[in-house]
Amino acid sequence: MSSEGFITPQGQLTAKGKLSIVVIVVLGALIFLSTFFFKSIPAGHVGVATLFGDVEETEYQPGLQFPVNPLLSWTEYDVRDKEHKEVASVPSRDQLTTEIDVSVVYRVMPDRAAMMKSTIGTPQNALDTHIIPKLRSLVREQGKTVDKAEEFFQAETQERLTRDIQSRLIDYLEPKGIEVQAVLLRDFRLPKAILANVELKKQAEQKIEQAAAELEQAKVNAQTQVEQAKAAREAAEQEAEKRKLLADAQAYEITAINDAIAQNPAYIQLEALKALQEMSKDEAAKLYFMNSDSPMPLPLMNLGEPLMQSSAGNAQAGR
């Protein structure tokens with residue numbers, strides 16, 4: 001026997017070799033037959049079968065289909081979401097042309113794939129024949145409803161255009177087996193003259209906003225100054241009232257002193273004595289006694305006369 005164990009020294013196949021050949025033949029036959037009787041539809045697709053040009057009405061769902069007629073021809077339709085982008089030149093009523101970037105999100109309806117095969121063809125045929133031309137036509141048609149090109153920048157204009165284009169595109173494509181999920185207006189490029197005017201208008205609006213802000217700040221500053229002036233006036237009034245009270249107090253004190261002097265002539269001498277007593281407590285203080293005949297005698301030198309006169313007057317009154 002050989003090292004592989006399939007052939008004897010006499011050149012005959014062993015039982016093991018015969019079995020291996022049978023297995024290989026069976027597998028080959030199954031693979032060969034599967035190409036005729038099995039059909040695998042990938043995920044996200046549906047299959048449409050055609051027999052001698054006649055389209056079957058039933059779509060085949062993703063997965064392994066068995067058994068199938070080996071004479072069928074197959075077309076697979078991708079039913080996943082797709083996006084088509086378009087750049088359209090759109091004239092407005094003012095005869096100015098604006099470039100708009102628009103895109104449509106769509107997909108082939110799984111239960112309409114057989115119908116699409118019969119009437120339109122492949123999804124690419126549907127895109128070239130129906131989606132692109134209709135989208136361009138609707139965008140230009142809706143652009144004519146805009147009075148001025150700069151209105152394309154207004155949110156309400158964009159919302160209206162999106163809503164109208166999507167609604168009319170759905171009405172047109174749905175009977176053809178195409179589901180429109182969204183229409184997106186991505187960008188607007190206005191003519192250069194309009195862009196310059198828009199920029200000037202924007203600058204003017206910014207200046208107006210800045211002037212309004214400055215005016216508001218001036219109002220705030222003026223109000224602050226008024227409040228400060230009011231506070232200063234109130235403070236001045238309080239200070240004047242305080243000074244008036246102090247002046248009244250001082251005047252009252254002077255009046256009281258004058259009344260005391262008038263009622264008691266010795267009052268000044270008594271006050272002078274108090275002052276000398278306070279001075280005597282300071283060792284560094286010096287006292288100078290002046291003659292009583294001096295024009296400005298020290299009050300202490302004259303203390304005796306008023307006191308003596310007061311005593312004499314009291315004595316005479318006692319008599």
Side-chain angles (χ1 to χ4, degrees), residues 41-50 55-62 74-192 194-195 198:
I41 307 297
H45 295 69
V46 295
V48 176
T50 305
V55 179
E56 292 190 358
E57 295 181 357
T58 303
E59 293 83 5
Y60 289 81
Q61 301 303 314
W74 292 91
T75 303
E76 294 178 357
Y77 284 79
D78 189 347
V79 295
R80 294 171 294 185
D81 293 347
K82 297 181 180 60
E83 181 184 19
H84 173 72
K85 297 180 179 181
E86 192 74 27
V87 178
S89 297
V90 182
S92 50
R93 289 180 178 176
D94 57 1
Q95 302 301 317
L96 295 175
T97 300
T98 302
E99 287 190 353
I100 300 179
D101 292 346
V102 59
S103 63
V104 56
V105 180
Y106 70 97
R107 73 179 187 122
V108 175
M109 301 171 69
D111 58 345
R112 301 283 186 89
M115 181 272 295
M116 179 179 291
K117 175 67 176 177
S118 300
T119 58
I120 299 176
T122 65
Q124 186 62 43
N125 296 139
L127 179 64
D128 296 336
T129 306
H130 295 285
I131 298 177
I132 294 177
K134 189 62 176 179
L135 179 62
R136 292 174 179 174
S137 175
L138 288 175
V139 171
R140 282 196 281 276
E141 181 180 346
Q142 291 299 316
K144 294 178 182 178
T145 64
V146 179
D147 293 329
K148 297 180 180 180
E150 57 263 29
E151 293 180 7
F152 282 115
F153 280 113
Q154 298 176 359
E156 57 271 19
T157 300
Q158 296 179 15
E159 292 175 0
R160 178 177 60 81
L161 292 177
T162 301
R163 182 177 60 254
D164 294 345
I165 293 173
Q166 181 170 335
S167 175
R168 298 184 63 177
L169 201 60
I170 289 174
D171 294 341
Y172 177 76
L173 293 177
E174 190 170 283
K176 296 173 172 54
I178 300 172
E179 178 184 355
V180 177
Q181 296 181 329
V183 172
L184 307 173
L185 301 180
R186 299 187 177 276
D187 192 19
F188 297 86
R189 289 181 291 278
L190 297 175
K192 293 182 179 179
I194 297 297
L195 289 176
V198 170

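We use all heavy atoms of the structure for the numbers below, so side chains are in, but hydrogens, waters and symmetry mates are not.
- Proximity of a side-chain donor or acceptor of T145 to a complementary backbone N or O of E141 within less than 3.5 Å is not detected.
- Panel note: side chain S137, backbone P133; no donor-acceptor pair is recorded below 3.5 Å.
- Counting non-hydrogen atoms of other residues, nucleotides and ligands closer than 6.0 Å to CD of E57 gives a total of 12 or fewer.
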T162 and V102: CA distance, side-chain angles, deciding distance, side chain to side chain contact (heavy atoms under 4.5 Å, CB included) verdict: CA-CA 9 Å; T162 301; V102 59; over 6 Å; no
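- Side chain of E179 to backbone of M109: no donor-acceptor contact under 3.5 angstrom is found.
- The minimum heavy-atom distance between F188 and F153, with the atom names listed, is O-CZ, 4.0 Å.
- Annotation: side chain of L127 is in contact with side chain of I132 (closest heavy-atom distance under 4.5 Å).
- No side-chain heavy atom of K82 sits less than 4.5 Å from a side-chain heavy atom of H84.
- Between A149 and S92, the closest heavy-atom pair is N-OG, 3.6 Å.
- Ring-plane geometry between H130 and Y172 is classed as tilted, the angle between the planes lying from 30 to 60 degrees on a 0 to 90 degree scale.
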Assess whether side chain to side chain contact (heavy atoms under 4.5 Å, CB included) is satisfied between V46 and Q61, documenting all intermediate values. CA-CA 5 Å; V46 295; Q61 301 303 314; 4.0 Å; yes
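- When atom types are taken as modelled, the side chain of D81 and the backbone of V105 share no donor-acceptor pair closer than 3.5 angstrom.
- Distance alone, capped at 3.5 Å, places no donor-acceptor pair between the S167 side chain and the R163 backbone.
- Counting only heavy atoms from C-beta outward, the side chains of V139 and L161 never approach each other to under 4.5 Å.
- Annotation: side chain of P42 is in contact with side chain of E76 (closest heavy-atom distance under 4.5 Å).
- One finds the CD atom of Q181 at 9.5 Å from the CD1 atom of I170 (value rounded to the nearest 0.5 Å).
- Minimum heavy-atom separation, Q158 to L185: O-CD1, 3.8 Å.
- Heavy atoms only, all atoms of each residue included: V87 and D101 are closest at CG2-OD1, 3.3 Å.
- Annotation: the span from E150 atom CD to L190 atom CG amounts to 7.5 Å, rounded to 0.5 Å.
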Start with the C-alpha gap between E59 and I41, add the side-chain angles, then the distance that decides, and say whether side chain to side chain contact (heavy atoms under 4.5 Å, CB included) holds. CA-CA 11 Å; E59 293 83 5; I41 307 297; over 6 Å; no
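- The CD1 atom of I165 lies 11.5 Å from the NZ atom of K134; values are rounded to the nearest 0.5 Å.
- For the pair M116 and T75, the minimum side-chain heavy-atom distance is 4.5 Å or more.
- Remark: side-chain polar atoms of R93 are paired, donor with acceptor, to backbone N or O of K144 under 3.5 angstrom.
- Between Q142 atom CD and D164 atom CG the span is 4.5 Å, to the nearest 0.5 Å.
- Looking at H45 and V79, their side chains never come closer than 4.5 Å, going by heavy atoms from C-beta outward.
- Taken from NZ in K148 to CD in Q154, the straight-line distance is 10.0 Å, to the nearest 0.5 Å.
- Inter-residue side-chain proximity for Y106 and L169 is flagged as unmet; no heavy-atom pair is nearer than 4.5 Å.
- Within the 4.5 Å cutoff, the side chain of R112 has no heavy atoms near those of the K176 side chain.
- The two atoms that bring P62 and G44 nearest to each other are CG-N, 4.3 Å, heavy atoms only.
- Taking each heavy atom of Y60 and A49 in turn, the nearest pair found is CE1-CB, 3.9 Å.
- Atom CD of residue E56 and atom OG1 of residue T50 lie 8.0 Å apart, to the nearest 0.5 angstrom.
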